[in-house]
There are 4 protein chains.
Amino acid sequence: MARPLSEEKRTAILAAAAEAVADLGVGAPTAKIAALAGVAEGTLFTYFESKDALFNQLYIDLKLEAGVRMIAGYRSGRDLPDRWRQVWDQYIEWGVANASSRKALGQLEASDRIGESARYVGAQAAQDVAAELYEGRNIGLLGEQSSNFIAGIFVALGDMTLDFIDREPERRERLKRAGFKALWNVISGR
Amino acid sequence: MARPLSEEKRTAILAAAAEAVADLGVGAPTAKIAALAGVAEGTLFTYFESKDALFNQLYIDLKLEAGVRMIAGYRSGRDLPDRWRQVWDQYIEWGVANASSRKALGQLEASDRIGESARYVGAQAAQDVAAELYEGRNIGLLGEQSSNFIAGIFVALGDMTLDFIDREPERRERLKRAGFKALWNVISGR
Amino acid sequence: MARPLSEEKRTAILAAAAEAVADLGVGAPTAKIAALAGVAEGTLFTYFESKDALFNQLYIDLKLEAGVRMIAGYRSGRDLPDRWRQVWDQYIEWGVANASSRKALGQLEASDRIGESARYVGAQAAQDVAAELYEGRNIGLLGEQSSNFIAGIFVALGDMTLDFIDREPERRERLKRAGFKALWNVISGR
Amino acid sequence: MARPLSEEKRTAILAAAAEAVADLGVGAPTAKIAALAGVAEGTLFTYFESKDALFNQLYIDLKLEAGVRMIAGYRSGRDLPDRWRQVWDQYIEWGVANASSRKALGQLEASDRIGESARYVGAQAAQDVAAELYEGRNIGLLGEQSSNFIAGIFVALGDMTLDFIDREPERRERLKRAGFKALWNVISGR
DNA sequence: TATGAATGAGTGTTCATTCAT
DNA sequence: CATGAATGAACACTCATTCAT
């Protein structure tokens, strides 16, 4: 099947899926997703072969979006810590502003519906960002590790920080700074 | 009393649930769990009021077990870094040895079947360990943070490290050390 | 609209439910009802939200049908006893011809699955008939009673008569006449 | 199995069954009945072979009880209408005082769990009372009918009256009198 | 292509009855 | 005999997917 008629509908379905998954987990019925998207139950299946296909696509989209937002406005001119901080702040801000996307992503990540290939694409997004910052250089004692591992640490600390912010929104700024300090300690430590 | 409730069966059901959830996620059918445990479908419900009740109990058990294993053999005499390393190593070892428990825990954590009270108990387990190490002292520049946050960092880095080990088991020792270095950098950083 | 909801299927399900309930009581499985109606198990639930909803609708339908049959062919020109006899005969004939509808109605009536609103609609049907006959006039010494009570007596004697006919079908005519005599005695008595 | 040990327990189970059936219909779980009776789930089955056996026995007991109460204090000396009225009043009073027994009876009556033999015994109880009053004499134009039919009318009108009293308890006396007038009209009518 | 009715396998839970203690 | 844990068939209802319109 070639590109389906309405890109608009496709997008609406993906957005509806994100919302439904954030709310109800991967058990969210396709019927509810379709309703949220304002299309008929059957229509969903002309845009996506199956529920799994839809979720895999959603996973990739959300991962890419997070990645894009992270480097948006990234300025290479600054010094290293500033560049890291910049990316960190973007990530946290994106997470705060898109809490439900993040929640959906978490659900998808945990589920067994996301295949290897989607995961690979998702992982790439994170690594690309890290590589950008890493610049092939050794950073402190972790130098021997791949940018992979750095990306993992970044995301782990970022998500943890966002979880804390979810629970204590009023401490947002403090938590964001504390999270970054932790990250920077990791990176700059000997 | 007639045949008393068998602690053995209760344990078998819990173990079966862990296995099933690790394999199939929280959608694992109670029928399969019962079969794995070697009991009749109905028996599961004499030991646990509902699937949710079973999963909440499983969540608590796994969290507590992880906590217990972490401080098992903890020796307070050593110096601070050694004590942290000791706990870190225990956590990683537990995670490696109980990969499926950890996977189950992840599924449970993400699902909406775990109620507040179970989450509270679970969170306590992690904090207790952190508090033990934290000893009320300020640690580096993060000193202003609660032991809460430190526990969060510990778990985040630990889980991330375990995820890497899952994918590259042959680099286990190296990853374990790198993970600890990251953790220690956070803790000791100025 | 795609395939529209088929009135035919809806009717088939209702009829199947009547038959199943007459046979097996309100415990009749929805699966059996669906099979009797010649539709898939799930289809039943696209026509009725739940088993209870189905049963409430069935109750109303049967009540209304009984009411309609009762006044069918009613001729207001005749004298009072003739009019009553006419309605009585219709009720008995309907009951004899629709023994299973009547049985189903009995089961439904006794069950706790019929909500207030359905009962109200059902009661209205009976009262409307009685009011028609009652014509606001005082009838014998019972005059002080509401048409309500007269309707109750009518139905009580009618159902009892039908129960006797069920057990001794060969005495049908005699029982029908005896039942009416009882009713007329009540109505005309001083 | 000979008579079981404790007549007391047997009675408790029957009473519990009446209560449970009045509340929940014939679907009342044996476990709940046992609990209400203060015995273990299994014990119920040493006193009654099955749920059906219990319900059949309960049906007979309740029918007999109603019959006994009806003729309690019956004085043959009075004149005919007084004797009928006396029995009528007893029935209504019993019904009012034992609303839940009556409700249970209704549930049992409608269910398919009551076998022919129990129904026969039950029917006997009602007929015995009627026969007592009927005294072999012809009563009005209904004379050709069996005492059977008279008993049927009595019970039909009595139950209907009780149903009205259930819904409008404050009109109890008036309804009781109206019901009797209806009954007496039937009996004495030419 | 869009729609939503139709399908039937799959699910959590209940419950009468059995039987080990 | 009394107990209540164990059993597994049965049930109402859900849902991804298909397909007639």
Side-chain angles (χ1 to χ4, degrees), chain A residues 1-2 4-6 9 27-35 38-55 113, chain B residues 1-6 9-10 27-35 38-55 113, chain C residues 1-6 9-10 27-35 38-55 113, chain D residues 1-2 4-6 9 27-35 38-55 113:
Chain A
M1 204 181 313
L5 223 62
S6 155
K9 262 174 196 158
T30 52
K32 177 151 277 177
I33 294 171
V39 302
E41 285 179 48
T43 302
L44 188 153
F45 291 93
T46 81
Y47 287 86
F48 300 93
E49 203 178 337
S50 67
K51 198 187 187 188
D52 278 5
L54 166 60
F55 281 2
R113 312 188 79 113
Chain B
M1 205 184 314
R3 223 175 318 182
L5 279 172
S6 139
K9 256 169 202 156
R10 213 186 106 96
T30 52
K32 176 153 279 178
I33 294 173
V39 302
E41 282 180 48
T43 300
L44 188 153
F45 292 93
T46 79
Y47 285 84
F48 301 92
E49 207 175 331
S50 65
K51 199 188 188 190
D52 276 7
L54 166 60
F55 280 3
R113 313 188 77 114
Chain C
M1 206 184 314
R3 220 176 319 183
L5 278 173
S6 139
K9 256 168 202 157
R10 213 187 105 97
T30 52
K32 175 153 280 178
I33 294 172
V39 302
E41 283 180 48
T43 301
L44 189 152
F45 293 94
T46 80
Y47 285 85
F48 300 93
E49 206 175 333
S50 65
K51 199 188 187 190
D52 276 6
L54 166 60
F55 280 3
R113 312 188 78 114
Chain D
M1 206 180 312
L5 222 62
S6 156
K9 263 174 196 157
T30 52
K32 178 151 276 177
I33 294 172
V39 303
E41 285 180 48
T43 301
L44 188 152
F45 291 92
T46 82
Y47 287 85
F48 301 92
E49 203 177 337
S50 66
K51 199 188 186 187
D52 277 5
L54 165 60
F55 279 2
R113 314 187 77 113

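Worth knowing before you read on, the calculation uses all heavy atoms, side chains too, and leaves out hydrogens, waters and symmetry mates. Values in this document were obtained by computation on a predicted structure and should not be read as measured data. A, B, ... follow the sequence lines: proteins, then strands. Residue 1 opens every chain.
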Between CD of Glu41(A) and C1' of dT17(F) the distance, given in whole Å, is 10 Å
Dot-bracket assigned to DNA chain F with the 3.5 Å Watson-Crick/G-U criterion, [ ] for crossing and | for other-strand pairs, is .||||||||||||||||||||
* Asked: Between Thr46(C) and dA5(E), is there a side-chain N or O to OP1/OP2 distance below 4.0 Å?
  -> no
Answer yes or no: does a side-chain N or O of Lys9(C) lie under 4.0 Å from OP1 or OP2 of dA5(E)? no
Of the candidates dA6(F), dG4(E), dT3(E), the side chain of Leu5(B) sits closest to dA6(F)
For Ala28(C), does its backbone N or O pair with a side-chain atom of Lys51(C) as donor and acceptor, under 3.5 Å? yes
Rounded to whole Å, the CD1-P distance (Ile33(A) to dG4(E)) equals 17 Å
Rounded to whole Å, the CG-C1' distance (Asp52(C) to dA12(F)) equals 10 Å
Between Gly38(C) and Ala28(B), the residue closer to the 5' end of DNA chain E by nearest nucleotide is Gly38(C)
For Ala34(D) and Ala40(D), the nearest pair of non-hydrogen atoms, with its separation, is CB-O, 3.7 Å
Side-chain contact check for Phe45(A): nearest option of dC15(E), dA16(F), dT7(F) is dA16(F)
With side-chain contact (heavy atoms from CB on, under 4.5 Å) as the test, would you mind laying out the steps for Ile33(B) and Leu54(B) before giving the verdict? CA-CA 11 Å; Ile33(B) 294 173; Leu54(B) 166 60; 4.3 Å; yes
note: Leu54(B), atom CG; dG12(E), atom P; distance rounded to Å ~ 11 Å
Arg3(B) atom CZ is separated from dA20(E) atom C1', nearest whole Å, by 4 Å
Between NZ of Lys51(C) and C1' of dC13(F) the distance, given in whole Å, is 12 Å
- prompt: Below 4.0 angstrom from OP1 or OP2 of dG12(E), is there any side-chain N or O of Thr30(B)?
  reply: yes
Tyr47(C) side chain N/O closer than 4.0 Å to the phosphate oxygens (OP1, OP2) of dA6(E)?
yes
To the nearest angstrom, the CZ-P distance between Phe48(D) and dA2(F) comes to 12 Å
Against the side chain of Thr43(B), the closest entry in dT3(E), dT3(F), dT7(F) is dT7(F)
Side-chain atoms of Ala40(B) come closest, of dG4(E), dT17(E), dG8(F), to dG8(F)
Result for 5'-nearest mapping on DNA chain F, choosing between Val39(B) and Ser50(C), is Val39(B)
With distance as the sole test, does Tyr47(C) use its side chain to make a donor-acceptor pair with the main-chain N or O of Ser6(C) at under 3.5 Å? yes
Nearest heavy-atom approach of Leu44(A) to Thr30(A) is CD1-O, 3.7 Å
Rounded to whole Å, CZ of Arg10(C) lies from C1' of dA5(E) at a distance of 15 Å
